[in-house]
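Here the structure is a predicted model, which means the values were calculated and not measured. All ligand and atom numbering here is 1-based and tracks the order in the structure. Atom set for the values below is all heavy atoms of this structure, side chains included, hydrogens, waters and symmetry mates excluded.
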Amino acid sequence: MSAPPERRLRELAEVSVAKLRHVGDKRAAALASMGVSNVFDLLTVYPRRYLDRTSRIDLSDLRVGDEAAAFGEVTAVRARRSRQGRSVVDVTVRDGDETMTIVFFNQTWRERQLAVGVQALFFGRVSEFRGRAQMTNPVVDVVVGASGEERDASKVGRIVALYPASGKAGLTSWEIGGFIEESLRRAGPIFDPLGEDHRRQCDLVDRTRAYWAIHLPQDAKEATVARRRLAFDELLRLQLLIALRRQRLAASAAGVAHPFDVSDLDARLRESRSTSLVATLLRAQAFDLTGAQRRVLAEVGGDMASSRPMHRLLQGDVGSGKTVVALAAMMSALGGGRQSVLMAPTEVLAEQHVSSLRRDVAALRVRDDATLGGEREVRVALLTGRVRAKDRRAVLYDLEAGAVDVVVGTHALLSDDVRFHALGLIVIDEQHRFGVEQRAALRDRGRARSLEGKDPDLLVMTATPIPRTAAMVAFGDLDVSVIDEMPPGRRPVTTEWARDDGSIARCWQRVRDEVAAGRRAYVVCPLVDESESSAATSAVAERTRLATGELRGLSVGLIHGQMSGADKEEVMAQFRDGVVTVLVATVVIEVGVDVAAASVIVVEDAWRFGVAQLHQLRGRVGRAEHQSYCYLLGEPPSDDGRERLEAVTTTSDGFALAEIDFVMRGEGTLLGSRQRGRSDLRLAKLRDDGDLLDAARQLAADIVAAGGATLDEMTDELRLFVDAQEAAYLFKS
Ligand code: ADP
Ligand code: MG
């Protein structure tokens, strides 16, 4: 007898859930609402946790104050209104001889969900009410529904998988488990693209066993081993995509070799006679490059000079001097007659970049035979949504004609109507939230928009340090350069969390003292909800309050996202010139704003901001030799908020703070924008699975290098996870 055929994941993805015995239209629709339409989807609905049927807590063992999981069958349900008018659902649950009351406030739908006969697990804190154990608003996992669905309990092991049974979809954990079990039985053995060798090398069980054991484990150990294999697969697929993308990029690139002379970075640059734009730019700076800037610029320069397009991430803490590195790269491009794009996350920052770039390049001259003297100045243009139609048309015309050298804007910069004469470089400032795909799309668009049709180099800058494991995923497609040294003479910003009236009074006094000494201050108002308009309202009110109260007599200005570009530009100029000495702002100033005279920043309701965001805000001061101060105001309503404020107060190391932020937030936001197709990090946890990630990265590199059957099989599987356009790019031969 021959062995049954092994099924590939792609084949499982071709079988609709409607083919399962107990799935009719209604349940198919319920599954679809959970994002499950085929058998492969179903197998990747992983258990949220496991219920060990032999060792679950008896209701009689529950202690008041415990966080506990209690299992029981519903024996009574009653909906009522409390005296305050809140809706209340009382549920009585029995396990053996013991009973317990569960109370839900404002969750009327629980009456339908927890009908008599339903068996469920309740997670929550045990309290006492009139001498009886009680839970209030616990998390609920329905295991068996009221009708006692068909799943053969005798076939389920000691350990029962609990699925994220959604009350809305109306499917119980028991039903989902039943569908999965049927799928596994009917699928038979599942093909494993990794051979024995690879599995042994990475200490992994085979796929068939992994899928069975994660859903129907005999014991906890089995479930753990299964999870390891399936999490590894997720990370391997991700790393393979990244490795393939890199390979593609290298093979298909039609890049430009820009002129870049590394000796222009020499420490004796000031005596050199080099007339390159890069050398002239660096000589014109008031400062010498730090060692770190020099090293990083050599790396960037190497990329610029190579015809392989640069694909580089430049990390450096706020104030470490990333801008001059980017500017040197732009001048290298310009030296070869090519244009550059600088993309900023906000209009304020774009406007600021334009004015400081113009200052920085004022001394430079570009060859231009069309002019009388044979040369002209460097032309820097602004292109944001707020530029007036007439000006915009002029800039567009000049870009296409090659008469603008550097164009600065927000991410809308590469919209359809923009054409370049010869685009050579795209710089993205402070945009760590850009994902892998967005970067690829940007490069493609850059090439398509340029009459020359070459791949532009890409330099991504961020002051938000990315933990290593996250960087390997979110930035795995980029080479990384780090500026790990601050310009000389900077003093760390003194940070204080002002919690009582006395310290708050001292905070405002500090603002007055610093302004009296010729400095400037920022006051940052929180985003009350997500809307920019409510933030603007609170900023307007706060400015009035301060100008007539604590900061009476000072010139208090206002900036927020609802103001016109011209108004923002004007108030920033006034602040820079000292006409305005205190600037009340929303988070529009979060990134990049550079006013060296600013020495105090007060952040109101600071707990509403994330750790990385607070660190960015703090980076707005301490940008020159004088001592600077950061005050965090507000009493956090949660432990979480307190931890964040303490972290920022005690640490000024951006990398350490990024780790904290990452751990507190989870990786969701990092990956959020990355996935276009099916989301594939369901089991893997970047912060816990660092070793697994290392192993996956290594194996991905080996597989891509070796080619052959394993690569073909994995490629076949990857098609499940990328959209058609991406697949066409990555897998064309
Ligand atoms: P960021 O890395 O946060 O973008 P910037 O490039 O805005 O930092 O630089 C912060 C400030 O430090 C700017 O005013 C810049 O002119 C100045 N700066 C940059 N490099 C040096 C250096 N090597 N020595 C002294 N000042 C520098
Ligand atoms: Mg910057």
Using a strict 4.0 Å threshold on nitrogen-to-oxygen distance, state whether Arg283 and Asp360 make a salt bridge. no
Salt bridge check: are Arg490 and Asp317 linked by an N-O gap of less than 4.0 Å? no
Run the side-chain hydrogen bond (donor to acceptor under 3.5 Å, both in side chains) test on Thr494 and Gln627 for me, step by step, so that the C-alpha distance in whole Å, both residues' side-chain angles and the decisive distance to 0.1 Å come before the verdict. CA-CA 8 Å; Thr494 303; Gln627 179 62 52; 2.9 Å; yes
Is it the side chain (CB and beyond), the backbone, both or neither of [X] that lies under 4.0 Å from ligand 1, heavy atoms counted?
X      : value
Arg490 : side chain
Gln293 : side chain
Asp288 : backbone

Which atoms of ligand 1 have any heavy atom of [X] under 4.0 Å away?
X      : answer
Thr323 : 4 (O), 5 (P), 6 (O), 7 (O)
Arg623 : 3 (O), 5 (P), 7 (O), 8 (O), 10 (C)
Thr290 : 23 (N)

So is Arg510 actually on top of Tyr629's ring, under 6.0 Å and inside 45° of the axis? yes
Could a heavy atom of Gly319 be found less than 4.0 Å from some atom of ligand 1? yes
N/O to N/O below 3.5 Å, does that happen between Val324 and ligand 1? no
Between Gly316 and ligand 1, does any nitrogen or oxygen pair lie at a separation below 3.5 Å? no
Are any non-hydrogen side-chain atoms of [X] and [Y] less than 4.5 angstrom apart?
X      : Y      : value
Leu282 : Asp288 : no
Arg443 : Ile426 : no
Asp368 : Glu375 : no

